[in-house]
2 protein chains.
Amino acid sequence: MRIGVLAKAASVSVPTIRYYESIGLLAPPARQGGERIYGSEALKALNLVRHCRELDFSIDETRDILASVQRRLPCSDTKTFAEKHLGSIRKKIAELRALEATVAALVSGCETTCCGSAAPDCVILQAR
Amino acid sequence: MRIGVLAKAASVSVPTIRYYESIGLLAPPARQGGERIYGSEALKALNLVRHCRELDFSIDETRDILASVQRRLPCSDTKTFAEKHLGSIRKKIAELRALEATVAALVSGCETTCCGSAAPDCVILQAR
DNA sequence: CTTGAACCTCAAGTGGCTTGAGGGCGTAGC
DNA sequence: GCTACGCCCTCAAGCCACTTGAGGTTCAAG
């Protein structure tokens, strides 16, 4: 199958496929007259990559997952990747919730104390 | 004051200050023998920039906020920026919470159904 | 006068692509 | 034969917000 067909089949853009190849995430396929020709294994791999990226694994993590799949390692490995990832997602959520609280407090502070004054004096802009 | 002093006073790295100048976020200061010399206004501006960046405003948003401060616009402007920002923080939190739920479900799915099988068959890696 | 810290500029690297320039091949219609 | 279209190719640059490094200059202290 040509690259455009693979791209549609995996819902990934053509340049993205070439990019994945250039960074060594996907194996370079055979060529016919200069054009890349893919088999069904490439589609499987690309679907897996897309799945990992949708779950927000980094490219490096995706590479590691791909490697453990190709080596048919036990799925406890996969679970370890996922758990670590879950930890970092939760960490980021916590950071964002703290940020949300900070900004929300500043907005309501502005409403109750400084609304109408000039920007340089607004409580939102007072660094601590 | 020299750039190193300014950097310490505002808790910002020296290259970052030069970077802010290069993108037009901070005004280029006077020079003495080729070296940048800053006044107290530069410190105020840089403190404000740092504050905005800590609140995770983008550089462009920070630039707009800085402009509204320098024009002494009413602080309702500032509040509008902050509210818009709060909206995008909340949106990102919602996205991450959905992602967290997805990954957590995959991990517990792996624990109950497939733990021990080979990675290619692990439920975590089954794209939908 | 020498040393060492602090300063300077410019370029490249980070992540994960996207976009664009400039060109080749194959087919379909006129 | 000629043109237009659609697909493919490579290479380079752009996005964000810096950080890091190379290589060179200026300043302050001893």
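Naming: A, B, ... by sequence-line order, numbering from 1 per chain. Side chains are part of it too, since the values below use all heavy atoms of this structure and drop only hydrogens, waters and symmetry mates.
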(message) How many whole angstroms separate atom CZ of B:R63 from atom P of D:dC18?
(response) 12 Å

(request) Only pairs at least two apart or in different chains count here, so list each ring-ring contact (aromatic ring centres under 6.0 Å, His included) that has a residue in residues 97-124 of chain B. (result) none

(message) Applying a strict under-4.5 Å side-chain criterion to I, L, V, M, F, W and Y, I'd like to know whether A:I37 and A:L43 cluster together.
(response) no

(request) Give me the residues of residues 80-98 of chain A where at least one heavy atom lies under 4.0 Å from an atom of DNA chain D, by number, or none. (result) none

(message) The criterion is side chain to side chain donor-acceptor pair (under 3.5 Å); which residues satisfy it with A:E54, sequence neighbours excluded?
(response) A:R50

(request) Could you list by number each residue of residues 15-31 of chain B showing a heavy-atom separation from DNA chain C of less than 4.0 Å, or answer none if no residue does? (result) B:R18, B:R31

(request) Using ring-ring contact (aromatic ring centres under 6.0 Å, His included) as the criterion, list what pairs up with B:F57, not counting sequence neighbours. (result) B:H85

(message) Quick one, A:V5 and A:Y38 - any side-chain contact, counting heavy atoms below 4.5 Å?
(response) no

(request) Specify the residue among B:Q32 and B:I59 whose closest nucleotide of DNA chain D lies further upstream toward the 5′ end. (result) B:I59

Give the table of side-chain donor-acceptor pairs shorter than 3.5 Å for residues 103-120 of chain A, with sequence neighbours excluded, one pair per line with atom names and distance.
| residue | atom | partner | partner atom | Å |
| --- | --- | --- | --- | --- |
| A:S108 | OG | A:A104 | O | 3.4 |
| A:S108 | OG | A:A105 | O | 3.2 |
| A:T112 | OG1 | A:S108 | O | 3.3 |
| A:T112 | OG1 | A:G109 | O | 3.3 |
| A:T113 | OG1 | A:G109 | O | 2.6 |
| A:S117 | OG | A:C114 | O | 2.8 |

(message) A quick test of your reading: do over 12 heavy atoms of other residues, nucleotides or ligands sit less than 6.0 Å from CZ of B:R63?
(response) yes

(message) Any carboxylate oxygen within less than 4.0 angstrom of a Lys/Arg side-chain nitrogen, looking at A:K79 and A:E83?
(response) yes

(request) Could you pull out all residues at least two apart from A:T102 that satisfy side chain to side chain donor-acceptor pair (under 3.5 Å)? (result) none

(request) Estimate the overall bend of the helix from C:dC1-D:dG30 to C:dC30-D:dG1 from the end axes over five pairs each, rounded to 10 degrees. (result) 40°

(request) Among the candidates C:dC7, D:dC8, D:dA17, find the nucleotide nearest to the side-chain atoms of B:E35. (result) C:dC7

(request) With sequence neighbours left out, write down each residue that passes side chain to side chain donor-acceptor pair (under 3.5 Å) with A:E41, or none if nothing qualifies. (result) none

(message) If the condition is side chain to side chain donor-acceptor pair (under 3.5 Å), which residues does B:D77 pass it with, not counting sequence neighbours?
(response) none

(request) Name the closest nucleotide to the B:R36 side chain, picking from D:dA17, C:dC17, C:dT9. (result) C:dT9

(message) Between B:R36 and B:E21 (salt bridge meaning N to carboxylate O under 4.0 Å), is one present in this structure?
(response) yes

(message) In whole Å, I'd like the distance from the CG atom of A:D60 to the P atom of C:dC17.
(response) 12 Å

(message) Nearest whole Å is fine: how far is D:dA17 C1' from B:D56 CG?
(response) 11 Å

Show the atom names and distances, to 0.1 Å, of all donor-acceptor pairs under 3.5 Å that link a side chain in residues 66-73 of chain A to residues at least two apart or in another chain.
| residue | atom | partner | partner atom | Å |
| --- | --- | --- | --- | --- |
| A:S68 | OG | A:I65 | O | 3.0 |

(message) Below 4.0 angstrom, which residues in residues 2-13 of chain B have at least one non-hydrogen atom near DNA chain C?
(response) B:R2, B:I3, B:G4

